[in-house]
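Reading through the structure tokens given below for one structure.
Letters A, B, ... are given to chains in the order of the sequence lines, protein chains preceding strands, and every chain is numbered from 1.
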Protein chains: 2
Amino acid sequence: MSTPAIPRRLPRAVREQQMLDAAVRVFSRRGYHAASMDEIAEQAGISKPMVYAYLGAKEELFVACLHREGTRLMEAVARIVEPDLPVDEQLWRGLRAFFAFVGAHRDGWSVLYRQARGQEPFAAEVAAMRGRLVEIVAGLLGRAVEAVGHRAARPADLTAMAYALVGVAESLADWVVEHTDEDPEVTATRMMNFVWLGADDLLRGRSWRPVS
Amino acid sequence: MSTPAIPRRLPRAVREQQMLDAAVRVFSRRGYHAASMDEIAEQAGISKPMVYAYLGAKEELFVACLHREGTRLMEAVARIVEPDLPVDEQLWRGLRAFFAFVGAHRDGWSVLYRQARGQEPFAAEVAAMRGRLVEIVAGLLGRAVEAVGHRAARPADLTAMAYALVGVAESLADWVVEHTDEDPEVTATRMMNFVWLGADDLLRGRSWRPVS
DNA sequence: CCGTAATGTTACGCGTGAGTAAGTTACCGT
DNA sequence: ACGGTAACTTACTCACGCGTAACATTACGG
């Protein structure tokens with residue numbers, strides 16, 4: 001009648017995930033430099049050399065965090081969006097998935113966007129990811145313009161508009177992080193209203209879809 | 001006929017500005033932690049103990065940078081905006097001033113927004129500044145809604161909308177930083193079009209004001 | 001013209017935290 | 001049951017960079 005006594009030794013794959021969990025938590029709390037490898041190891045319930053053995057030095061570890069969180073985010077969104085839908089519907093779906101993800105992975109979001117964008121070795125990588133996203137959105141907008149039957153807009157105009165869209169999403173992601181109580185879906189609705197209709201219509205009381 | 005031989009010793013006020021200039025440059029390039037006091041001193045053309053004598057330890061120095069750049073930005077915008085103008089006109093003026101400032105002070109913007117928001121001792125202060133700005137914008141929107149003669153909107157709705165607006169501005173500030181060649185005024189126009197009209201109208205070819 | 005305060009320098013102490021060497025214990029296939 | 005390997009630890013080294021003590025020099029008011 002001895003409980004199987006959970007093994008003190010765990011397989012590598014499991015430990016790696018525990019380490020990444022701990023690292024994301026600590027990086028997001030302290031910031032890249034202030035975070036110490038010792039604290040990360042402690043949080044992971046393991047000793048420091050194991051972290052080095054499995055995930056390498058601090059920089060590599062941070063990149064691993066970035067990569068995991070970034071991939072998770074992209075997949076969460078990609079899973080939901082279906083091509084060949086009208087643009088507003090695609091936006092709506094993508095945004096719901098995005099805010100839901102941020103709401104459920106605050107620390108990951110913080111590492112990705114609050115930390116990495118400033119710290120020099122990583123800023124470039126995040127900028128690249130963001131750039132790809134902006135171009136995807138710009139492409140979407142381009143197709144939408146064609147569909148409505150207009151002359152093709154200048155690429156710079158579309159890219160700038162995509163920049164703005166992505167910016168709104170990032171900013172409202174902070175809103176989601178700060179307002180724990182509010183349903184991410186409500187935030188997605190707010191964004192759709194704002195972005196799709198514009199301030200002019202909005203101030204006049206119109207809405208793309210009611211907020212709640 | 002001896003040129004007055006610029007004095008090697010300079011008054012405190014001048015040195016302090018040189019130091020802050022150097023600090024902003026180095027902080028923006030390297031990030032808070034990676035920036036070394038030695039490099040800042042060297043960039044300022046002075047030795048390290050002088051920096052400590054005039055502006056204190058690293059944290060105090062960074063706060064001083066934050067404060068100077070933040071104040072400059074606020075003043076640049078406040079100087080332009082006049083109350084009692086219609087909301088869209090106020091937005092337009094404020095945005096022109098904002099993007100012009102960012103275009104002329106890239107490093108300052110980077111320190112303020114890319115660095116400070118992640119680094120723990122400072123994140124709170126920046127968040128507070130940003131929060132005040134959001135509330136100002138929200139107040140503006142509230143007055144606009146009343147002016148159009150609607151029932152007062154819920155505060156949370158206005159604040160969220162202000163969040164989104166500020167987010168667009170921040171994001172397009174990055175656009176300005178990256179596209180050195182483009183006139184900041186063009187960026188301000190892009191933002192007005194996007195924010196005021198919304199994607200729906202915009203994709204159909206309408207515009208608040210042509211881009212160029 | 002001289003003292004004194006402001007401006008400036010060189011050279012160092014010292015904590016902190018990244019990264020590692022060497023050794024130990026549990027697990028697992030044969 | 002018994003090698004061998006994967007999981008794990010303790011206990012260091014060492015560089016880096018913040019902050020300072022102690023000292024030098026120029027300006028300038030009285």
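Proximity of B:Tyr54 to the phosphate of C:dA6: no side-chain N or O atom is located under 4.0 Å from OP1 or OP2. In this structure, A:Arg15 does not reach the D:dA6 phosphate: none of its side-chain N or O atoms is under 4.0 Å from OP1 or OP2.
As a whole-Å value, the separation of A:Leu61 CG from C:dG19 P is 10 Å. Here D:dA7 presents its P atom at 12 Å from CG of A:Leu55, a figure rounded to the nearest Å. Distance A:Glu16 CD to D:dA6 C1': 13 Å, rounded to the nearest Å. Between B:Leu10 atom CG and D:dT25 atom P there is a gap of 19 Å when expressed in whole angstrom units. Per the geometry, NZ belonging to A:Lys58 stands 15 Å off P belonging to D:dC16, to the nearest Å. Put simply, CZ on B:Arg9 is 5 Å from C1' on D:dT25, counting in whole angstrom units.
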Taking only distance into account, with no hydrogens and no angle test, what donor-acceptor pairs under 3.5 Å do side-chain atoms of residues 99-106 of chain A form with protein atoms, sequence neighbours excluded?
unit_1	atom_1	unit_2	atom_2	d
A:His105	ND1	A:Phe101	O	3.2
A:Arg106	NE	A:Gly103	O	3.1
A:Arg106	NH2	A:Gly103	O	3.2

Can you list, pair by pair, the side-chain donor-acceptor contacts under 3.5 Å of residues 21-28 of chain B, counting residues two or more places apart and other chains?
unit_1	atom_1	unit_2	atom_2	d
B:Asp21	OD1	B:Arg68	NH1	3.1
B:Asp21	OD1	B:Arg68	NH2	2.8
B:Arg25	NE	B:Gln43	OE1	3.2
B:Arg25	NH2	B:Gln43	OE1	2.9
B:Ser28	OG	B:Arg25	O	3.2
B:Ser28	OG	B:Asp107	OD1	3.3

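Residues passing the side chain to side chain donor-acceptor pair (under 3.5 Å) test with A:Tyr163, sequence neighbours excluded: B:Glu178. By the side chain to side chain contact (heavy atoms under 4.5 Å, CB included) test, A:Pro86 pairs with A:Asp88, A:Glu89, sequence neighbours left out.
Taken residue by residue, residues 25-50 of chain B places heavy atoms nearer than 4.0 Å to DNA chain D at B:Ala35, B:Ser36, B:Met37, B:Asp38, B:Lys48, B:Pro49.
Of the charged side-chain nitrogens involved, at least one lies within less than 4.0 Å of a carboxylate oxygen, so that B:Glu69 and B:Arg72 count as a salt-bridged pair.
Evaluation of the side chain to side chain donor-acceptor pair (under 3.5 Å) test over residues 29-38 of chain A, restricted to residues two or more places apart or in two chains, returns A:Arg30-A:Glu39.
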